[in-house]
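Below is one structure; the comments refer to it alone.
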Amino acid sequence: YNHEAFIGDAIRSVLAQTRTDFQLLIVDDASQDGTVSEAEKIKDSRIRVRSNSENLGLGLSLARALDDVDTAFVAWLNSDDLFHPLRLERCLAPLDEDTELAVVATALSPLDSSGRILSATNSSPVFDGPQIYQWLRWYDEHACMDKPPSDLLGALLERNFLITTSNLV
């Protein structure tokens, strides 16, 4: 919603994937800015752009988007996020190999407005702001893990280490 400044980079990050057999459904939630026109500028046969007639909010908009999906897997990407070029390849591989798996999720790398990767070790409350500084420390402590906890669902409900829908496939 109203992400004209971000949507182009988000779309291009999907189109730059090493795995190219996908469809890209862009759902605009009745933006008041030029989000739709920016999305429509990017021409690719894998892209479909749909705009809600009224603002539904993120949850309902995502749920309705699923009605337009006819693929075996879905990868979410919020309009102000980017995919790493290997994202689909790496996330779909375990899903292709093990039919018992239902979801794959990854860590994320927060970026500042200049594209610099932010972390707990390179951020500052003065330059990045106290809220970002504290969040990066929380994220490193609770979300970045060497191995999954024994009760993965319990850990997720306790501290939502996934953070965003953009890291789900």
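The first residue of the sequence shown is numbered 1, and numbering continues consecutively from there.
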Hey, can you tell me if F6 and H3 have their rings parallel, tilted or perpendicular (30° and 60° cut-offs)? perpendicular

Is Q134 reaching over with its side chain to a backbone N or O of I132, donor-acceptor style, under 3.5 angstrom? no

State, without any angle test, whether R87 and S13 hold a side-chain donor-acceptor pair at a distance under 3.5 Å. no

Does any non-hydrogen side-chain atom of S79 lie less than 4.5 Å from one of T35? no

Provide the closest heavy-atom pair for S61 versus V27 in the form atom of the first, atom of the second, distance. OG-CG1, 3.6 Å

Any donor-acceptor pair under 3.5 Å linking the side chain of R48 with the backbone of D68? yes

Check whether any side-chain heavy atom of D81 lies under 4.5 Å from a side-chain heavy atom of W76, and answer yes or no. no

Within this structure, what is the OH-CG distance for the pair Y1 and D33, rounded to the nearest 0.5 Å? 8.0 Å

Restricting to pairs with a member in residues 98-119, which pass salt bridge (charged side-chain N to carboxylate O under 4.0 Å, His left out), not counting sequence neighbours? D112-R116, R116-D128

Nearest heavy-atom pair of Q17 and L88: which atoms, and what distance? OE1-N, 2.9 Å

Please determine whether a side-chain nitrogen of the Lys or Arg among D140 and R137 lies less than 4.0 Å from a carboxylate oxygen of the Asp or Glu. no

Please check if the side chain of D28 supplies one atom and the backbone of V36 the other of a donor-acceptor pair under 3.5 Å. no

So does L157 have more than 12 non-hydrogen atoms from other groups sitting under 6.0 Å from CG? yes

With distance as the sole test, does R46 use its side chain to make a donor-acceptor pair with the main-chain N or O of T20 at under 3.5 Å? yes

Using side-chain heavy atoms (C-beta onward) and a distance below 4.5 Å, is V14 in contact with I47? no

With a 3.5 Å distance limit and no angle check, can you tell me whether N55 reaches the backbone of D29 through a side-chain donor-acceptor pair? yes

